[in-house]
2 protein chains.
Amino acid sequence: MAQKVKLSTIAEELGLSTATVSLALRDSPLVADSTRERIKEKAIELGYIYNRRAASLRTSRSGIIGVVVHDIMNPFYAEILRAIESELDRSRQTFILSNHYDSVEKQRNFIETLLQLGGDGVIMSPAIGTPVNDIKLAEDNGMPAILIARQVAGADVPTFRGDDAYGIALATNHLISLGHRNIAMVGGTDQTSTGRERYKGYVDALKKAGIEVDPGLRIPGPRTKQGGFEAAVNFLSMPQKPTAAVCWNDLVAIGLMNGISRAGLTVGVDISVTGYDDLEEAAIATPALTTVYNGQADVGRSAARALLDKLNGSSAADGLHLVKPEMRIRQSTAPLKKVPANG
Amino acid sequence: MAQKVKLSTIAEELGLSTATVSLALRDSPLVADSTRERIKEKAIELGYIYNRRAASLRTSRSGIIGVVVHDIMNPFYAEILRAIESELDRSRQTFILSNHYDSVEKQRNFIETLLQLGGDGVIMSPAIGTPVNDIKLAEDNGMPAILIARQVAGADVPTFRGDDAYGIALATNHLISLGHRNIAMVGGTDQTSTGRERYKGYVDALKKAGIEVDPGLRIPGPRTKQGGFEAAVNFLSMPQKPTAAVCWNDLVAIGLMNGISRAGLTVGVDISVTGYDDLEEAAIATPALTTVYNGQADVGRSAARALLDKLNGSSAADGLHLVKPEMRIRQSTAPLKKVPANG
DNA sequence: TCAAACTTTTAGATGTGTTTAAATTGTTGA
DNA sequence: TCAACAATTTAAACACATCTAAAAGTTTGA
């Protein structure tokens with residue numbers, strides 16, 4: 001590698017000062033057009049590489065934005081990330097990604113690293129049990145935080161997520177309208193704000209329809225295909241014989257459908273299943289999954305915009321912003337089958 | 001936010017020089033133990049945040065490693081990334097992730113950004129059509145590159161990928177041994193080194209078994225579930241009536257299986273399908289997918305280690321390192337069905 | 001022709017941590 | 001008591017781009 005090319009290299013070659021070169025490369029109107037051109041040409045000729053860390057030392061803007069979610073392999077987050085990426089790309093921000101796998105410690109490490117790198121802001125789907133202090137850590141050091149998908153009690157920062165109670169109620173009502181009364185809720189945990197909201201949506205819908213709520217119909221579990229797949233055994237051997245399942249998300253629903261098919265029953269005929277999120281694959285699952293779109297793209301885009309707004313001084317609205325979910329009816333749900341006499 | 005705490009803040013508070021503080025925080029043996037402790041305590045007390053960009057300006061080591069792949073939403077890459085992440089985490093490197101979606105330009109932008117940030121190295125699954133110069137750009141500026149999953153002609157850097165020809169031959173041979181002779185190859189492109197290798201593996205296996213190769217049995221297409229799903233129509237209406245399909249990867253295979261089920265046929269009975277990669281979901285697909293494990297974890301881990309080795313001066317072996325794939329037989333493949341007389 | 005008013009360019013301080021050579025302090029042993 | 005040596009600490013240069021105040025160069029117009 002040849003000697004490193006820096007501003008002063010260009011300046012010397014052209015007999016100018018580094019001040020002029022710096023201004024020219026950033027298109028300052030202070031520099032004469034002809035000079036600017038000569039400088040830009042020379043920069044390309046020499047293969048000059050802008051040193052952002054030197055620059056950000058002065059400007060205290062690094063162009064780096066951090067994003068932490070539970071698991072980028074989870075398509076729900078992946079869809080949000082894609083929206084964030086395309087929004088940030090547009091304003092030439094680099095984004096640093098990390099999983100926290102619900103480890104508060106891993107998440108804090110990430111925040112600290114980001115602070116060390118001079119991150120301009122952070123978008124996070126907080127790990128279960130995130131203390132407000134970890135959000136404060138970021139904010140107090142001049143790095144604004146935006147929350148997505150989950151809330152943190154006491155953290156007064158912009159938060160974007162789907163209206164879970166409303167969304168799950170949509171799914172539950174859909175099943176009720178098909179005649180189902182014995183409806184299980186499969187997957188997920190009640191330890192997150194999301195979990196409590198979703199359970200509430202399910203319970204409220206049942207109550208409103210005059211159906212008694214049986215806590216035995218709640219099967220918590222991992223929010224993955226594997227989790228849904230494993231829940232099938234449990235689901236099929238429940239004493240209450242549910243005829244339908246409201247699943248925590250599409251992954252769980254697809255896993256559950258697979259498990260049910262393995263047992264020789266047909267989803268969309270014998271048993272109805274709803275998902276949540278409307279991932280790309282919901283539409284091509286077999287049978288095509290009835291689900292609730294949770295506004296991933298919206299959440300990602302809004303979160304990114306809110307952060308960019310904050311960075312540009314216009315104060316984004318703090319507090320909770322709910323995105324309205326939408327029902328997507330497909331083939332995994334069907335009217336309640338009349339139970340044959342030998343049932 | 002209070003006045004920013006820096007080395008000199010700590011130094012002043014304790015009546016020491018910044019030199020001592022700097023050395024102490026990095027555990028230099030030059031500093032007396034008692035002094036080091038006082039300094040560390042003070043640093044915590046004041047909420048000192050290490051400024052990596054200032055440091056890296058001197059040291060020219062940023063602790064940042066870049067990773068670019070086609071699409072992190074693709075579980076194949078996601079599994080590799082997970083292995084890379086856990087390996088890099090161990091040596092306290094931050095990693096910056098990006099998709100290139102096979103845009104050479106987006107990929108180059110990423111490399112440039114990484115150079116600006118002073119990235120220590122880059123791991124990439126190169127975009128289709130990546131010119132050697134883009135690899136050189138990184139290397140020439142002191143940022144070593146490691147390739148995964150795909151090769152770039154003329155780039156003499158460590159490259160890790162599965163042995164595609166061998167792996168696809170495994171799958172093809174498996175189908176041949178079950179009596180199939182009319183075997184289609186579904187999904188993917190022949191524009192990448194991987195594509196050519198895989199097609200070669202398929203062709204060679206057929207030839208070796210004395211089966212004539214019919215180019216009409218090659219159905220290229222997107223490497224996604226959607227792609228496989230859409231290929232089903234095409235596949236089922238082929239004049240050559242294939243009885244089995246070797247798919248580009250598990251996603252295509254799962255999509256194809258879904259498409260075939262939709263058409264009322266049963267995979268694993270009427271038609272045999274093999275995948276490639278052995279993603280987590282292959283095992284829980286319905287029917288469980290026969291596939292070839294492509295060593296994602298190995299590839300990720302080896303690539304990360306190779307990079308870390310290079311950064312530590314021990315020169316990692318340049319050139320191609322092949323990981324041996326392994327057959328995983330499940331329920332999506334079955335012996336050739338005798339064709340009924342009315343066929 | 002020369003002061004006033006621009007337009008360009010630049011000197012030099014700045015941001016923060018690292019590192020080396022040198023200074024300071026402490027200890028040992030003759 | 002003092003040279004020699006070891007253990008600590010520090011001054012100051014350095015990494016590279018930014019930015020302000022001031023200097024230098026041009027043009028305008030009376």
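Keep in mind that the numbers below use all heavy atoms, side chains included, and drop hydrogens, waters and symmetry copies. So you know, we letter chains A, B, ... as the sequences are listed, proteins then strands, and number each from 1. From a predicted model like this one, the values you see are computed outputs, not experimental measurements.
- Distance, B:D33 CG to D:dT9 P: 10 Å, rounded to whole Å.
- Heavy atoms of B:S60 sit nowhere under 4.0 angstrom from any nucleic acid atom.
- Shown here for B:G66 and B:L114, the closest heavy-atom pair between the two residues is CA-CD2, 3.5 Å.
- Applying the ring pair (Phe, Tyr, Trp, His ring centres under 6.0 Å) rule to pairs touching residues 127-160 of chain A yields A:F160-A:H321, sequence neighbours excluded.
- By the 4.0 Å N-to-carboxylate-O rule, A:E105 lies too far from A:R108 to be salt-bridged with it.
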- Query: What is the per-nucleotide protein-contact pattern of nucleotides 16-22 of chain D, from the 5' end, where B denotes a base atom under 4.0 Å from a protein heavy atom, S denotes such proximity for sugar-phosphate atoms only, and - denotes neither?
  - Reply: BBBB---
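- Salt-bridge annotation for B:D27 and B:K40: present, with a side-chain N of the basic residue lying under 4.0 Å from a carboxylate O of the acidic one.
- The closest side-chain heavy-atom distance from A:R53 to B:L117 is not below 4.5 Å.
- A nucleotide of DNA chain C counts as in contact with chain B when one of its atoms lies under 4.0 Å from a heavy atom; the first and last such, 5' to 3', are C:dT16 to C:dT19.
- Ion pairing between a basic and an acidic side chain is recognised when a charged N comes within 4.0 Å of a carboxylate O; A:R223 and A:D102 show such pairing.
- Using a 4.0 Å heavy-atom criterion, one finds that A:V31 contacts the sugar-phosphate atoms exclusively.
- Using a 4.0 Å cut-off between charged side-chain N and carboxylate O, A:K310 and A:D120 make no salt bridge.
- In summary, A:E13 and A:R38 do not engage in a salt bridge, as defined by a charged side-chain N under 4.0 Å from a carboxylate O.
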